[in-house]
Q: 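Sharing a structure with you now.
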Number of protein chains: 2
Amino acid sequence: MGQQDTLFVASLEKGLRVLEVFRNQRENLGITDIAHATGFDKSTAQRFTTTLHRLGYLNRDERTRRYSPSIRLMDLAFTYSHQDRLAEIARPRLIEAGKRYNTSVNLCVLEGTDIIYTLCIPNQTASFMMTLSGRRAPALCLAEGICIIAFRRSDEIKAIVGASEITRFTEDTIINRSAIMRRIADAHSKGYGIGKGQISSDEISVAAPILDSTGVAFAAVQIPVFQPNWNLSDVESNLAPLVLDTARSLSRTLYRTT
Amino acid sequence: MGQQDTLFVASLEKGLRVLEVFRNQRENLGITDIAHATGFDKSTAQRFTTTLHRLGYLNRDERTRRYSPSIRLMDLAFTYSHQDRLAEIARPRLIEAGKRYNTSVNLCVLEGTDIIYTLCIPNQTASFMMTLSGRRAPALCLAEGICIIAFRRSDEIKAIVGASEITRFTEDTIINRSAIMRRIADAHSKGYGIGKGQISSDEISVAAPILDSTGVAFAAVQIPVFQPNWNLSDVESNLAPLVLDTARSLSRTLYRTT
DNA sequence: CTTATAATATCATAAATTAATATAAAAAAC
DNA sequence: GTTTTTTATATTAATTTATGATATTATAAG
């Protein structure tokens with residue numbers, strides 16, 4: 001419609017899009033970089049970047065005149081995380097689960113076609129990136145994504161699979177949509193998802209969904225382990241029951257019918 | 001100046017102020033709540049709240065028509081945290097430090113007159129709130145705040161103390177500015193800060209600053225322990241050397257002169 | 001040193017935001 | 001259950017703000 005949507009504040013969207021640009025970058029960005037990444041005119045990029053800096057959400061390197069995300073973004077995360085009841089309840093249980101075989105254990109949710117990790121209980125060897133909550137990855141490549149999607153209504157499953165951009169991470173990444181659908185069906189029948197070499201060639205991942213009172217999944221418990229320390233058979237024997245038990249205990253605590 | 005600052009986008013500020021309102025709330029907020037908390041006209045509150053919802057940063061409860069922070073805020077935090085080199089380097093060292101006496105160990109930075117926790121390595125008994133990065137607290141009440149401030153230039157120290165709103169948390173919270181200045185001087189001479197019963201009546205906190213190559217502090221390593229499991233004397237004997245060693249090792253890794 | 005690129009600053013215009021107001025829905029009081 | 005109050009939603013003319021073209025300055029690259 002040509003007429004303005006008077007309830008939508010496009011300037012706010014633009015500012016947030018500038019912030020979002022930084023999440024895919026490692027290095028600091030100049031005004032021109034931001035203009036390119038957002039598609040904005042350079043004076044638009046200048047105004048929004050300068051405003052975010054003045055509000056404290058971006059840092060500016062005086063020498064290079066480049067910008068980087070500010071710690072003030074952690075404030076916004078806290079806004080969400082201090083109300084995250086699932087993470088609060090899950091935390092001690094994930095810690096217990098992690099002790100069993102000395103593994104990392106993560107809690108994650110489906111957000112669009114991605115998985116976001118909301119609580120990471122890393123083991124000693126976990127890389128820094130793997131310890132960060134807020135990390136995103138495409139759901140269809142992940143055991144945890146597959147097992148959440150497997151416990152959604154079939155129209156939603158089709159919609160998510162249809163909307164997903166399929167990304168190949170390794171030689172073994174399953175990218176065929178039919179094979180992905182079979183993988184989803186398999187997770188539904190087993191009650192958990194398992195994947196090997198989907199995101200990195202040495203990773204084996206197992207996950208079980210957390211279900212609400214209607215049997216619909218929105219979150220999962222996941223354990224990543226690595227070859228050659230673990231093989232598929234041992235993961236299936238030892239870790240699958242562990243994620244299942246942990247997820248089920250969370251489902252019962254949160255959503256049991258009274 | 002009456003004339004417009006044409007480089008500043010006030011609409012973006014307003015939108016971010018709406019988000020910021022939620023960080024001090026536990027319960028969901030309606031349009032009227034947001035209008036009150038921000039001072040905006042209710043149609044302004046409506047437009048910005050609706051826009052944040054449409055962009056995915058707020059969730060809306062259809063039944064109550066109230067809003068809450070969305071997990072998408074974790075995206076923004078990740079934007080910051082995946083570039084946090086100090087946290088990346090510090091993480092294994094804080095884990096090691098925590099093993100010594102089975103305590104939580106935190107990394108924090110000064111932000112304005114507050115401390116923000118950027119990395120929390122909780123022990124088994126840590127409360128959920130204490131496990132959350134992004135959490136803020138007033139610097140002058142905290143051993144970690146005091147010890148960072150103690151290693152700033154004296155003009156900055158005066159400015160921070162002057163700008164701080166003094167909050168009393170317990171009967172023992174030091175609120176007298178002269179006493180606070182003595183506490184800062186004490187932290188400077190000892191090289192670490194220590195506090196008992198400042199934030200909660202049973203807490204003892206000890207922290208050491210991380211210094212850059214000029215000897216200026218911007219971050220600290222902190223250990224919180226609780227009475228009656230710990231007393232001041234044992235904290236001073238056992239935990240103060242531990243935070244000092246950990247902080248010094250980080251200072252050397254990050255900022256040693258070549 | 002010169003040229004190219006990026007950043008910064010300015011301003012007339014178009015577009016967006018404001019807040020007053022009307023209407024609808026829900027909550028609270030009776 | 002009804003009435004009143006409060007909150008939410010929707011609309012719009014007036015006012016303010018954001019846009020992008022352009023000029024200027026600064027820095028990087030050759």
Q: When you compare the side chains of Thr50(B) and Arg60(B), does any donor N or O come within less than 3.5 Å of an acceptor on the partner?
A: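 Looking only at side-chain atoms, Arg60(B) and Thr50(B) do not form any donor-acceptor pair under 3.5 Å.
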Q: Relative to the 5' end of DNA chain D, which residue comes earlier, Arg63(A) or Asp41(A), by the nucleotide with the nearest heavy atom?
A: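 With Arg63(A) and Asp41(A) compared, the 5'-side residue is Asp41(A).
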Q: Rounded to the nearest Å, what distance is computed from the CG atom of residue Asp33(A) to the P atom of nucleotide dT8(C)?
A: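 One finds 12 Å between P of dT8(C) and CG of Asp33(A), rounded.
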Q: At under 4.0 Å between heavy atoms, what does Arg66(A) touch on the DNA or RNA strands: base, sugar-phosphate, or nothing?
A: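 Result for Arg66(A) = nothing.
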Q: OP1 or OP2 of dT17(C) versus the side-chain N and O atoms of Lys14(B): is any pair under 4.0 Å?
A: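 Answer is no, no contact under 4.0 Å.
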Q: Does Arg60(B) make a side-chain N or O approach to OP1 or OP2 of dT9(D) shorter than 4.0 Å?
A: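 For dT9(D), OP1 or OP2 has a side-chain N or O of Arg60(B) closer than 4.0 Å.
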Q: Between dG20(D), dA7(C), dA8(D), spot the one nearest the side chain of Arg47(A), thanks.
A: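 It is dG20(D).
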Q: Can you measure Ile34(A) atom CD1 to dT8(C) atom C1' for me and round it to whole angstrom units?
A: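 Value for this atom pair: 14 Å.
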Q: Please report the distance, rounded to the nearest Å, between CZ in Arg17(A) and C1' in dA18(D).
A: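 After rounding, the gap between these two atoms is 15 Å.
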Q: Taking NZ from Lys42(B) and P from dT9(D), how many angstroms apart are they, rounded to a whole number?
A: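 Between P of dT9(D) and NZ of Lys42(B): 12 Å.
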Q: Would you say dA26(C) has OP1 or OP2 under 4.0 Å from some side-chain N or O of Arg65(B)?
A: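 Result: no.
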Q: Rounded to the Å, how far apart are Gln46(A) CD and dA18(D) C1'?
A: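 From Gln46(A) CD to dA18(D) C1': 13 Å.
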Q: Return yes if a side-chain donor-acceptor contact under 3.5 Å exists between Glu144(B) and Tyr117(B), otherwise no.
A: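 There is such a pair between these side chains.
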Q: Mind checking whether Phe151(A) and His188(A) have parallel, tilted or perpendicular rings, split at 30° and 60°?
A: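 Judged by the thresholds at 30° and 60°, the geometry between Phe151(A) and His188(A) is parallel.
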Q: With side-chain hydrogen bond (donor to acceptor under 3.5 Å, both in side chains) as the criterion, how do Thr173(B) and Thr170(B) come out once you've worked through the C-alpha distance, each side chain's angles and the decisive distance to 0.1 Å?
A: CA-CA 5 Å; Thr173(B) 308; Thr170(B) 70; 3.2 Å; yes
Q: Provide, to the nearest angstrom, the distance between the CD1 atom belonging to Ile31(B) and the P atom belonging to dT7(D).
A: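 Interatomic distance, CD1 of Ile31(B) to P of dT7(D): 12 Å.
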Q: So which nucleotide from dT18(C), dG20(D), dT8(C) ends up closest to the side chain of Ser43(A)?
A: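 Shortest atom-to-atom distance from the side chain points to dG20(D).
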Q: Does a side-chain N or O from Thr6(A) land closer than 4.0 Å to OP1 or OP2 of dT11(D), or not?
A: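 Checking dT11(D) against Thr6(A), no side-chain N or O comes under 4.0 Å of OP1 or OP2.
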Q: Applying a 4.0 Å non-hydrogen cut-off, can you work out what Ser11(B) is touching in the nucleic acid: base, sugar-phosphate, or nothing?
A: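 Touches sugar-phosphate only.
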Q: Distance check needed: dA7(C) C1' versus Leu7(B) CG, whole Å only.
A: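 In whole Å, dA7(C) C1' lies 11 Å from Leu7(B) CG.
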Q: Specify the residue among Gly30(A) and Leu12(A) whose closest nucleotide of DNA chain C lies further upstream toward the 5′ end.
A: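 Closest to the 5' end, via its nearest nucleotide, is Gly30(A).
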Q: Give me the atom names and distance for the closest heavy-atom approach of Asp212(A) to Phe218(A).
A: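 Shortest heavy-atom contact: N-CE2, 4.3 Å.
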Q: Under 4.0 Å between any heavy atoms, over every strand shown, what does Phe48(A) touch: base, sugar-phosphate, or nothing? Just pick one.
A: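 It contacts sugar-phosphate atoms only.
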Q: Please state how far atom CG in Asp5(A) lies from atom C1' in dT11(D), giving the value in whole angstrom units.
A: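 Computing the Asp5(A):CG to dT11(D):C1' distance gives 13 Å.
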Q: Can you check whether Thr32(A) has a side-chain N or O nearer than 4.0 Å to OP1 or OP2 of dA7(C)?
A: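 Yes, Thr32(A) has a side-chain N/O under 4.0 Å of OP1/OP2 on dA7(C).
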